Amino acid sequence: MKKVCFLLLFVSFQIHAQQILSVKEQAVVIDDILADRFNNLLPDLMDRANLDMWILMSREYNEDPVLKTMLPATWLNARRRTIIVFYRNKHMNTLEKLAVARYNFGDNIISAWDKEQQPNQWERLVEIIEERNPNQIGLNYSTHFNIADGLDKTDYDELMQVLPKPYKSKVVSAEKVAVGWIETRTEREMIIYNQLVDITHDIIAEAFSEKVITAGITTTSDVEWWMRQKVIDLGLQTWFHPTVDVQRSKDDLKGHLYSFSDRPEEQIIVPGDLVHCDFGITYLRLNTDCQELAYVLKPNETVPPQFLIKALKEGNRVQDIFTNNFETGQTGNEILLKSLREAKAEGLKPSIYTHPLGSYGHSSGPTIGMWDSQGGVAGAGDYPLYPNTVYAIELNTTVNIPEWKRDIRVMLEEAGFYGEDGFRYVNGRQTTLLTIPRLKAHKGN
């Protein structure tokens, strides 16, 4: 079944709709990947965190964000109160996966509770704990990582009421293993990730073309909604509404907030505009996040102006300086400050606000700057870089354009993978401005 599933995944077709698996085929891939993560990834993560028991619990429609990533493909939500127990015996090299629930948790985690024999769910959980006598009991609460803070107060209170006194002192935050589960990508997931980012790039390329944009007529909002509709039409999802904005010679450079929430809702795109988008998709429980740039050609232009080509190269240089500083064990804040210092020493004007990417768009792991926190981010920025993790390499550099009598901001974002062999982009990065419209080779000027 695995061979058939991945054969289906990687067969190449000419249009996006045929590249994307049916819902049924997606379910096979998702469950197969989950089994691999449970059996081959989770034991190492628990060992790294020095945690031998991890308990996750959720009620229907109020899912812990970590537990939600573990749901079988046919489950869209938890059922009733769902309690999952992972018990790692490092000496025996075993990992027990138990569901204290009325139902099997898919094929990967079998129910360990018979309500007819033991009517009380909490008492059954206590029995499982006492039988294994763990050194530590990890629960999902965290000060700095929202995704690892999914345990609600009711479940915590009810557990602590029934938990025997000797075990209460063993309760600890499962932050390290929870973040590790969310941020770490497997070899199979990275093969799939390449396709996700490729689809993302292709949608942007189509959006930033004459197929979608007619200069003088099409608005930025039109392009945003076209991208949103394209995602739906392809059977995909997006985790945020796309944004499109323009920079042009007659406008002054706006503050950073302009790029996030202060843009005009609609601007007509005209020749000479530098157009920018922020766009991502969700597919097979992974997410992309990408920002690219296009130039709208003026009459008689066949290439973007040299000053914009040069500006993009400055943005690429900031990317290079930044990703060259990725090193296992370095914290997000250490990578940020070193990169900013080196870029500024070269005369660049950088701003770095990179975030982990994967199971969620704004995922867990080392935060490497925020647009409004260029001196470092307390807590999440102090988390170290681990291999086999993916990041949205999100940053910008401010460039003065004498021809426009203003500064512009070159905003870029690409998915990047950090592994045992160092850093690489998942599916390349933008090094050339897209042009609107595309040149037709058979036509003269």
Side-chain angles (χ1 to χ4, degrees), residues 45 48-49 65-66 69 140-151 173-185 239-240 243 255-262 278 280 287-291 315 318-345 348-398 409-418 423:
L45 294 177
R48 187 175 81 185
V66 178
T69 69
N140 283 357
Y141 57 87
S142 171
T143 299
H144 299 296
F145 294 97
N146 56 321
I147 295 173
D149 193 39
L151 176 63
S173 168
E175 177 185 284
K176 290 182 179 179
V177 68
V179 173
W181 172 266
I182 291 295
E183 73 170 344
T184 308
R185 304 272 68 82
W239 60 278
F240 67 98
T243 62
H256 267 87
L257 197 59
Y258 173 86
S259 303
F260 299 93
S261 64
D262 283 353
D278 192 350
N287 295 273
T288 66
D289 198 356
C290 186
Q291 295 180 46
V318 175
Q319 289 176 323
D320 291 340
I321 291 169
F322 174 52
T323 58
N324 285 340
N325 286 322
F326 277 36
E327 181 181 340
T328 300
Q330 292 289 294
T331 68
N333 288 333
E334 289 169 338
I335 296 169
L336 170 71
L337 297 177
K338 183 179 181 183
S339 300
L340 291 174
R341 187 167 57 248
E342 291 177 358
K344 290 175 182 178
L348 300 166
K349 298 179 180 179
S351 178
I352 296 171
Y353 33 96
T354 285
H355 56 86
L357 183 67
S359 302
Y360 290 94
H362 290 155
S363 202
S364 287
T367 296
I368 312 178
M370 291 184 176
W371 66 266
D372 56 353
S373 299
Q374 290 296 284
V377 180
D382 297 316
Y383 186 87
L385 185 72
Y386 286 105
N388 302 318
T389 49
V390 174
Y391 300 87
I393 306 301
E394 185 176 11
L395 48 76
N396 73 63
T397 186
T398 301
R409 191 171 287 122
V410 178
M411 296 172 283
L412 299 170
E413 187 172 17
E414 294 285 1
F417 173 72
Y418 178 70
F423 176 86

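Computed from a prediction, not measured in an experiment: that's the story for all the values here. Counting from 1, the numbers follow the sequence of the chain as shown.
- Remark: side-chain polar atoms of Tyr360 are paired, donor with acceptor, to backbone N or O of Pro65 under 3.5 angstrom.
- For the pair Thr354 (side chain) and Glu394 (backbone), a donor-acceptor distance under 3.5 Å is present.
- Applying the side chain to side chain donor-acceptor pair (under 3.5 Å) test to Glu327 and every residue at least two apart in sequence or in another chain returns nothing.
- In this structure a side-chain-to-backbone donor-acceptor pair under 3.5 Å is missing from Asn140 to Ala148.
- Judged by distance alone, with hydrogens and angles left aside, the side-chain atoms of Asn325 form no donor-acceptor pair with the main-chain N or O of Leu336 at under 3.5 Å.
- Here the closest heavy-atom approach between residue Pro350 and residue Ala343 is recorded as CG-CB, 3.6 Å.
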Going through the distances and angles, do Tyr418 and Thr323 end up as a side chain to side chain donor-acceptor pair (under 3.5 Å)? CA-CA 9 Å; Tyr418 178 70; Thr323 58; over 6 Å; no

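- Summarising the geometry of Ala392 relative to Asp289, their closest heavy-atom pair is CB-CB, 4.2 Å, with the distance given to 0.1 Å.
- Looking at residues two or more places apart in sequence or on another chain, you find a ring pair (Phe, Tyr, Trp, His ring centres under 6.0 Å) between Phe423 and Phe326, Tyr425.
- Looking only at atom types and distance, the side chain of Asn396 has no donor-acceptor partner in the side chain of Gln291 under 3.5 Å away.
- The backbone N or O of Ile352 lies less than 3.5 Å from a partner atom in the side chain of Gln374, making a donor-acceptor pair.
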Decide side chain to side chain donor-acceptor pair (under 3.5 Å) for Ser351 and Tyr353; before the verdict, give the C-alpha distance in whole Å, the side-chain angles of both, and the deciding distance to 0.1 Å. CA-CA 7 Å; Ser351 178; Tyr353 33 96; 5.4 Å; no

Side-chain donor-acceptor pairs of residues 173-183 under 3.5 Å, sequence neighbours excluded:
from	atom 1	to	atom 2	distance (Å)
Ser173	OG	Tyr141	O	2.6
Ser173	OG	Glu175	N	3.1
Glu175	OE1	Ser142	OG	2.6
Trp181	NE1	Thr69	OG1	2.9
Glu183	OE2	Tyr383	OH	2.9

Derivation of the side chain to side chain donor-acceptor pair (under 3.5 Å) call for His144 and Asp382: CA-CA 10 Å; His144 299 296; Asp382 297 316; over 6 Å; no

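- With Thr389 contributing its side chain and Tyr386 its backbone, the two residues share a donor-acceptor pair below 3.5 Å.
- Using a distance-only test at 3.5 Å, with no hydrogens or angles considered, no donor-acceptor pair links the side chain of Thr398 to the main chain of Arg409.
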